[in-house]
Amino acid sequence: MENRILVKDRYFVPYIPYERLEQAIDAVAERINHDFKNFNGTPIILCVLNGSILFTGELMKRLNFPCEFSSIRLSSYEGTLSTGVTRKVLGLTSSIKGRTVIVVEDIVDTGKTITDLHALLLDAGAADVKICTMLLKPEVYKKELKLDYVAMEIENRFIVGFGLDYDQLGRNYKDIYILDTNTPRTMRKHFLIFGPPGAGKGTQAALMIERFGLRHVSTGDLLRREIANGTPLGQQAKTLIDQGLLVPDEVVEGMIASELDANPGVKGFIFDGFPRTTAQAEHLDRILADRDGKVDAVVSLMIPDETVFERIRHRAEVENRVDDTKPEIIQNRIDTYHAKTEPVISYYKGKGCYREIDGLGTIDEVFDKICAVMKDYE
Ligand code: IMP
Ligand code: MG
């Protein structure tokens, strides 16, 4: 097993080697074979996609009684937290009326998915439903439903591999890995993406996130999430925004601090749209220093004012925002940008982490220049 793997933006470490999974699958298959030895009829093996694709394959080749195969696709996880909502993405691929169904799941966590599915199958006319899961997190399983076959129990931690994913990645690993909560925080990198409106920050940040496995920290997104979740912080922010007021620095900084703390195993962060002022930059330094970190590099996309002007005007035209095409309004935005951000640039120059990149050129050309700079931080 490889030692430590990066899946999207997080590190995972070895947890269950394939050989141990095989043994557990041997044992559970033996129990199913025993129970179905003299069964009258042909049960349906129901693979719950996507997670149980590998487990179902391994299990099926060990079953020695006549059986059919069918699949269904459900989804209830986003990121590393159960959203608690089971959605049927793809229906049953064959009729189960009057049939005995053996549901094959990768993992049972809270049990929400499996209980919903159990009810759904009985509704669809199944005569009997047996549950077989590769893994169970007994600490979190809260349901009454009997789990007929459990290959292995695990602690309540987030895992990937052998069919299990983190944001759709990591399913292809043969072994199972666990989220690494022990990566020293000093190993985390913190980048800022910086530049005038129209410099292509959004585009380049997205490319950086993918190539370098960084987690995106956008204060706008964080605020929207707090508001959507109706947290006290979100409510406070909403009241201010509704009055057309700015959200105070402390609120934004509080959100950033909790985002840094809520993400164990993350390789690095990229801040987008923050800090906008020297005061915020100083606060960010303090927040990071409290967590044994620092701003490693400020990736600054530079384009001449004329280009900024043209790009803003063009964007406003395309998006049909007539007001924003007025030269004096555009010039005003550019002036504001200079007045506010120039001091931030000097601040980071003083810290020695300011890396300026010529933002002119195609997306690929600019990204190549960014990659050349990022080499120093790998
Ligand atoms: P439940 O509804 O809370 O029991 O969640 C079950 C589903 O969540 C599984 O079918 C998986 O898709 C997903 N899941 C639960 N725990 C993990 C994990 O540790 N890693 C990856 N996916 C998980
Ligand atoms: Mg699943």
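Starting from 1, each residue takes its place in the sequence as its number. Note that ligands are numbered from 1 as they come in the structure, with each ligand's atoms numbered from 1 the same way. Fair warning: this is a prediction, and the values are worked out from it, not measured in the lab.
Connection of Leu207 to Leu169 is not established within any shared hydrophobic cluster, with ILVMFWY side chains joined at heavy-atom distances below 4.5 Å, either directly or through further cluster members. When hydrophobic clusters are built by joining Ile, Leu, Val, Met, Phe, Trp and Tyr residues whose side-chain heavy atoms come closer than 4.5 Å, directly or via intermediates, Ile345 is not grouped with Ile270.
Heavy-atom proximity to Lys137, at under 4.0 Å, picks out these atoms of ligand 1: 16 (N), 17 (C), 18 (C), 19 (O). Within the listing of ligand 1, atoms 10 (O) sit less than 4.0 angstrom from a heavy atom of Glu105.
When heavy-atom distances to ligand 1 are checked against a 4.0 Å cut-off, Arg157 comes that close only through its backbone atoms N, CA, C and O. With a 4.0 Å heavy-atom cut-off, ligand 1 is reached by the side chain of Leu164 but not by its N, CA, C or O. Within the 4.0 Å heavy-atom criterion, the part of Asp106 lying near ligand 1 is the side chain and not the backbone.
For atom 7 (C) of ligand 1, the nearest non-hydrogen atom from the set Thr113, Asp167, Asp165, Asn156 belongs to Thr113.
Around atom CD of Glu144, no more than 12 heavy atoms belonging to other residues, nucleotides or ligands sit under 6.0 Å away.
Residue Gly111 has at least one nitrogen or oxygen atom sitting less than 3.5 Å from a nitrogen or oxygen atom of ligand 1, judged on distance alone. For ligand 1, one of its N or O atoms has an N or O atom of Ile159 under 3.5 Å away.
Using a 3.5 Å distance cut-off with no hydrogens or angles, the side chains of Asp9 and Tyr166 do pair a donor with an acceptor.
Phe269 and His190 have parallel rings, their planes meeting at less than 30° on a 0 to 90° scale where 60° marks the start of perpendicular. Classification of the Phe162-Tyr18 ring pair by plane angle, with boundaries at 30° and 60°, yields tilted.
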